[in-house]
Chemist: 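Sharing a structure here in structure tokens format.
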Amino acid sequence: MTQTRTRFAPSPSGFLHLGNARTALFAFLFAKHTGGRFILRIEDTDLERIVAGSEVGILQDLKWLKLEWDEGPDRGGPLGPYRCSERMHIYEAQLKRIQKETRVYRCFCSPDQLDQDRKLLSSQKKVIKYVGRCLNLSEAQATEKAKTTPYVWRMHVPEGAPVAIEDIVRGHVEMQRDVLGDFVIFRSTGVPVFLFQNAIDDALQEMTHVIRGEDHLSNTFRQVLIYDALKLKVPTFSHLPMIGAEDGGKLSKRLGSLSIKELREEGFLPQGITNYLALLGWSPGDTAVTGEKFNLEELGKAFDLNRVHKGRALFDFQKLRFLNQQHLHDLNLDQLLELAPCKLLDWSAEWKSAIELVKHDAATVNDLYKVESFLNKPSFDQNEAAQKILKTDNARKALEMGISEFKTKVHQNPAVEISLKESIQSVGKAIGLKGKDLFFPFRVAITGVEAGPELIPLAKILGAPEVQSRLEKAFEYSKA
RNA sequence: GUCCCCGUCGUCUAGCCCGGUCCAGGACACCUCCCUUUCACGGAGGUAACCAGGGUUCGAAUCCCUGCGGGGACGCCA
């Protein structure tokens, strides 16, 4: 059996988004699972849509996600080039070939004309397709007209049996030929359209499996016609369900922040993202037994296209965070330090201890920045919940008493963690407070917020003078 | 509008192909309790779904039909 080959073929028109990344991931996992090769091809035929720098960005993001390719524009391979703009001569040669094999003709209809045709068809409740105006021009007529008028090449779709594919995800799908219409394969600019270019490249680069989004499904039938005309081997298709936004809308348009780049900047881990993405539209089976946490290698072992869903999935940010947290917990302090952007690099021993304190409830690397807010003096102006807590009688009393207790206790025992704890305890006994009522005033006084790291160890890091100063400041605020 | 596809908790899903073991299992989120004289972490529970209606069958989430709902495509975009 020949080795499987599959590919990810983005166009360099923007950032790598979650939807694209999921497609790339599934193709990658399929290649890993079958011991095949994963190829990267940049589809940059439409010069107008190319965004400078986006190819570099996409490559970076894929590498960061650890979706490494075996062949691609940056590393070459036996069936290159891997950038479509460098393959133009191939498409031109294939256009000449297809002219001999099947009916392909020049179409001189202007975009305005075509637009009108579509509107008319739409109002007549008919299938919207090319009306065939240029189909019956003679060779002589066409040649003459071509001297003065721009034209595209269309491939004629003759009557016949429905075009069918066996899709691994969707099963047998077929389409009547009369709804297809004669379609454009070469633009008037002399550049092939996606349909043609993509089919040619997949065949010539010997892809055994084409794994892509469901939005390509209806194009597939036209591509099959191209393969048949050129007597090229039709790859096995797998059309993945789309990913929708949390509100049910479209992903890329509504949630523009969901590029891989931005998730990285928000402190998400590649293994967290790939784990989450793999579970969007695919499941390894009984997760009650296997759990849901997988690294890339485990995903590769388990992955199976036959288990991919047909229906679309909605993106869930909470679950992404959760899974990311699971992977973050696996990292030790040094690994976190490695990941942390430069502003945290100058770690003192105190900072390291502080990081340990916040690590457990951090879901992303950036959550670790909470440390900063705890190491800086709190401000109560922004936080209503904190204000509410400090403005109670109990808080006032507890803080007043706590401060004087703390002052004397610190004299007897300079270890903050002990003196503070004992102070809070005796305040609790004296006023009759316990649990939240007792601890919240002190927590808020010291950290400024209701949720945060363990109070006593944090106090140890801050030191006695700082703790006392914060308590006093909070007490002043409480009285004011 | 036309064509294609899909429809299990709010969300991701297991189960569906090979009807009974499913008054439907897991996970996120939410709620409760435990742990901790605090929040979080961790642990234990709980609320919550087979789109609707017809068939077929002793029996249907599972098979068939219709309706409804959702998505995709209909470009000289990819």
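Quick note on labels: first sequence line is chain A, next is B, and so on, each numbered from 1. Remember, it's a predicted structure, so these values are computed and weren't measured experimentally.
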Chemist: Quick one: ring pair (Phe, Tyr, Trp, His ring centres under 6.0 Å) partners of A/F108, sequence neighbours excluded?
Modeler: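 A/F108 satisfies ring pair (Phe, Tyr, Trp, His ring centres under 6.0 Å) with A/Y151 once adjacent residues are dropped.
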Chemist: Determine the minimum heavy-atom distance between A/A229 and A/T102, stating which atoms define it.
Modeler: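 Residues A/A229 and A/T102, closest heavy atoms: CB-CG2, 3.7 Å.
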Chemist: For B/A24, what is the paired nucleotide under Watson-Crick or G-U wobble rules, both distances under 3.5 Å?
Modeler: none
Chemist: Strictly by Watson-Crick or wobble contacts shorter than 3.5 Å, is anything paired with B/G53, and which nucleotide is it?
Modeler: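 Answer to the pairing question: B/C65, which forms a Watson-Crick or G-U pair with B/G53.
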Chemist: Before giving the answer on side chain to side chain contact (heavy atoms under 4.5 Å, CB included), spell out for A/L280 and A/L314 the whole-Å C-alpha distance, their side-chain angles and the decisive distance to 0.1 Å.
Modeler: CA-CA 8 Å; A/L280 259 192; A/L314 266 31; over 6 Å; no
Chemist: List, with names and distances, any nitrogen or oxygen atoms from the protein found under 3.5 Å away from nitrogen or oxygen atoms belonging to nucleotides 61-67 of chain B.
Modeler:
none

Chemist: Classify the nucleic acid contact of A/R212 as base, sugar-phosphate or nothing, counting any heavy atom under 4.0 Å across all strands shown.
Modeler: nothing
Chemist: Which is true for A/S188 with a 4.0 Å heavy-atom rule: it touches a base, it touches only sugar-phosphate, or it touches nothing?
Modeler: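 Base contact - A/S188 has a heavy atom under 4.0 Å of at least one base atom.
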Chemist: What verdict does the side chain to side chain contact (heavy atoms under 4.5 Å, CB included) test give for A/Q94 and A/I98, after you've listed the backbone C-alpha separation in whole Å, the side-chain angles of each residue and the deciding distance to 0.1 Å?
Modeler: CA-CA 6 Å; A/Q94 294 300 322; A/I98 205 169; over 6 Å; no
Chemist: Check side chain to side chain donor-acceptor pair (under 3.5 Å) between A/N275 and all other residues, then give those that pass, not counting sequence neighbours.
Modeler: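 With sequence neighbours excluded, A/N275 shows a side chain to side chain donor-acceptor pair (under 3.5 Å) to A/H327, given in chain and number order.
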Chemist: Please state how far atom CG in A/D178 lies from atom C1' in B/C74, giving the value in whole angstrom units.
Modeler: 14 Å
Chemist: B/A40 pairs with which nucleotide, Watson-Crick or G-U wobble, both distances below 3.5 Å?
Modeler: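 By the stated definition (distances under 3.5 Å), nothing pairs with B/A40.
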Chemist: Provide, to the nearest angstrom, the distance between the CZ atom belonging to A/F194 and the C1' atom belonging to B/A73.
Modeler: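 These atoms are roughly 13 Å apart.
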Chemist: Taking atom NZ as the centre, does A/K473 end up with more than 12 heavy-atom neighbours from other residues, nucleotides or ligands that are less than 6.0 angstrom away?
Modeler: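 Check passes, neighbour count above 12.
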Chemist: Report which part of the nucleic acid A/G281 touches: base, sugar-phosphate, or nothing (heavy-atom distance under 4.0 Å, all strands).
Modeler: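 Sugar-phosphate contact only - A/G281 comes under 4.0 Å of backbone atoms but never of a base.
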Chemist: Please list, by residue number, the residues of residues 438-447 of chain A whose heavy atoms come closer than 4.0 Å to an atom of RNA chain B; answer none if no residue qualifies.
Modeler: A/F439, A/F440, A/R443
Chemist: Which residues pass the ring pair (Phe, Tyr, Trp, His ring centres under 6.0 Å) test with A/F196, sequence neighbours left out?
Modeler: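 A/F196: ring pair (Phe, Tyr, Trp, His ring centres under 6.0 Å) contacts with A/F186.
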Chemist: Go through the structure and list residues passing ring pair (Phe, Tyr, Trp, His ring centres under 6.0 Å) with A/Y276, not counting sequence neighbours.
Modeler: A/F315
Chemist: So what's B/C30 paired with, Watson-Crick or G-U wobble, going by both distances under 3.5 Å?
Modeler: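 Check on B/C30: paired to B/G46, both distances under 3.5 Å.
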Chemist: Hey, are A/E55 and A/R83 close enough for a salt bridge, meaning a charged N less than 4.0 Å from a carboxylate O?
Modeler: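 The answer is yes: the pair qualifies as a salt bridge.
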Chemist: Given A/D44, which of A/S54, A/S85, A/S11 fulfils the side-chain hydrogen bond (donor to acceptor under 3.5 Å, both in side chains) condition?
Modeler: A/S85
Chemist: Determine the Euclidean distance between corresponding C1' atoms of B/C68 and B/C51; express it in Å to zero decimal places.
Modeler: 8 Å
Chemist: Looking only at atom P, what distance separates B/G19 and B/A60, rounded to whole Å?
Modeler: 14 Å
Chemist: So if I take every side-chain heavy atom of A/L114 and compare against B/C12, B/C76, B/A40, which nucleotide ends up nearest?
Modeler: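 That would be B/C76.
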Chemist: State which residues pass ring pair (Phe, Tyr, Trp, His ring centres under 6.0 Å) with A/F442; sequence neighbours excluded, sorted by chain then number.
Modeler: none
Chemist: Taking N and O atoms by type only, does the side chain of A/D215 place a donor or acceptor under 3.5 Å from a partner on the base of B/A78?
Modeler: no
Chemist: Could you state the atom-to-atom distance from CD of A/Q113 to C1' of B/G75 in whole Å?
Modeler: 15 Å
Chemist: Could you state the atom-to-atom distance from CZ of A/R154 to P of B/C76 in whole Å?
Modeler: 6 Å
Chemist: Pairs under 3.5 angstrom, nitrogen or oxygen only, protein versus nucleotides 43-45 of chain B, please.
Modeler:
none

Chemist: For B/U57 and B/A49, measure between their P atoms and round to the nearest Å.
Modeler: 31 Å
Chemist: Mark yes or no for whether A/R170, through its side chain, and A/H239, through its backbone, hold a donor-acceptor pair below 3.5 Å.
Modeler: yes
Chemist: Fit a plane to each ring of A/F317 and A/F268, take the angle between them on a 0 to 90° scale, and name the class: parallel (under 30°), tilted (30 to 60°) or perpendicular (over 60°).
Modeler: perpendicular
Chemist: How does protein contact run along nucleotides 17-28 of chain B, one letter per nucleotide 5' to 3', with B for base contact, S for sugar-phosphate only, - for none, heavy atoms under 4.0 Å?
Modeler: ---------BBB
Chemist: So, is A/R321 close to the B/A29 phosphate, meaning a side-chain N or O under 4.0 Å from OP1 or OP2?
Modeler: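 No, no such contact exists.
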Chemist: Between A/Q425 and A/N219, which is nearer to the 5' end of RNA chain B once each is assigned its nearest nucleotide?
Modeler: A/Q425
Chemist: Expressed in angstrom and rounded to an integer, what is the separation of A/L277 atom CG from B/U11 atom P?
Modeler: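 About 19 Å, once rounded to whole Å.
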Chemist: How would you list all residue pairs meeting side chain to side chain donor-acceptor pair (under 3.5 Å) that involve residues 278-287 of chain A, not counting sequence neighbours?
Modeler: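 Output for this query is empty, none listed.
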Chemist: By nearest atom, which of the nucleotides B/C76, B/C12, B/U38 is closest to the A/E454 side chain?
Modeler: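 Of the options given, the side chain of A/E454 lies nearest B/U38.
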Chemist: Using the C1' atom in both, what is the distance from B/G46 to B/G7, to the nearest Å?
Modeler: 28 Å
Chemist: Under the criterion salt bridge (Lys or Arg N to Asp or Glu O under 4.0 Å), I'd like the reasoning laid out for A/K96 against A/E92: C-alpha separation, chi angles, the key distance, then a yes or no.
Modeler: CA-CA 6 Å; A/K96 288 207 177 95; A/E92 282 155 19; over 6 Å; no
Chemist: Are A/D330 and A/K293 within salt-bridge range, i.e. N to O under 4.0 Å?
Modeler: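 Here A/D330 pairs with A/K293 in a salt bridge, since their nearest N and O are under 4.0 Å apart.
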Chemist: Under the side chain to side chain contact (heavy atoms under 4.5 Å, CB included) rule, what do A/Q271 and A/L296 come out as? Steps first, then yes or no, please.
Modeler: CA-CA 7 Å; A/Q271 57 270 48; A/L296 248 198; over 6 Å; no
Chemist: Could you check which nucleotide pairs with B/C16 in any of the strands shown, counting Watson-Crick or G-U wobble with both distances under 3.5 Å?
Modeler: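 In the structure as shown, B/C16 has no Watson-Crick or wobble partner.
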Chemist: Could you tell me whether A/C109 contacts a base, only the sugar-phosphate backbone, or nothing, with contacts defined as non-hydrogen atoms closer than 4.0 Å?
Modeler: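 Base contact.
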Chemist: Which pairs with one or both residues in residues 357-367 of chain A pass salt bridge (Lys or Arg N to Asp or Glu O under 4.0 Å), sequence neighbours excluded?
Modeler: A/R321-A/D367, A/D361-A/K370
Chemist: Both distances below 3.5 Å, Watson-Crick or wobble geometry, any strand: find the nucleotide opposite B/C3.
Modeler: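 By the stated definition (distances under 3.5 Å), B/G72 pairs with B/C3.
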Chemist: Over how many whole Å does the gap from A/Q326 atom CD to B/G42 atom C1' extend?
Modeler: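 Distance, rounded to whole Å: 11 Å.
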Chemist: Given A/F38, which partner from the list A/F28, A/W69, A/F26, A/F8 fulfils the ring pair (Phe, Tyr, Trp, His ring centres under 6.0 Å) test?
Modeler: A/F28
Chemist: Starting from C1' on B/C6, measure out to NE2 on A/H239 and report it in whole angstrom.
Modeler: 15 Å
Chemist: Could you go over nucleotides 2-5 of chain B and give all protein N or O partners under 3.5 Å, atom names and distances?
Modeler:
unit_1: B/C5; atom_1: O2'; unit_2: A/R170; atom_2: NE; d: 3.4
unit_1: B/C5; atom_1: O2'; unit_2: A/R170; atom_2: NH2; d: 2.5

Chemist: Output yes when at least one side-chain N/O atom of A/R312 is less than 4.0 Å from OP1 or OP2 of B/U11, else no.
Modeler: no
Chemist: Roughly, in whole Å, what's the span from CG in A/D201 to C1' in B/A78?
Modeler: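 A/D201 atom CG is separated from B/A78 atom C1' by 13 Å.
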Chemist: A/Q325 or A/P150: which one's nearest nucleotide on RNA chain B is closer to the 5' end?
Modeler: A/Q325
Chemist: Which part of the nucleic acid, if any, lies within reach of A/L279 when heavy atoms closer than 4.0 Å are counted: base, sugar-phosphate only, or nothing?
Modeler: sugar-phosphate
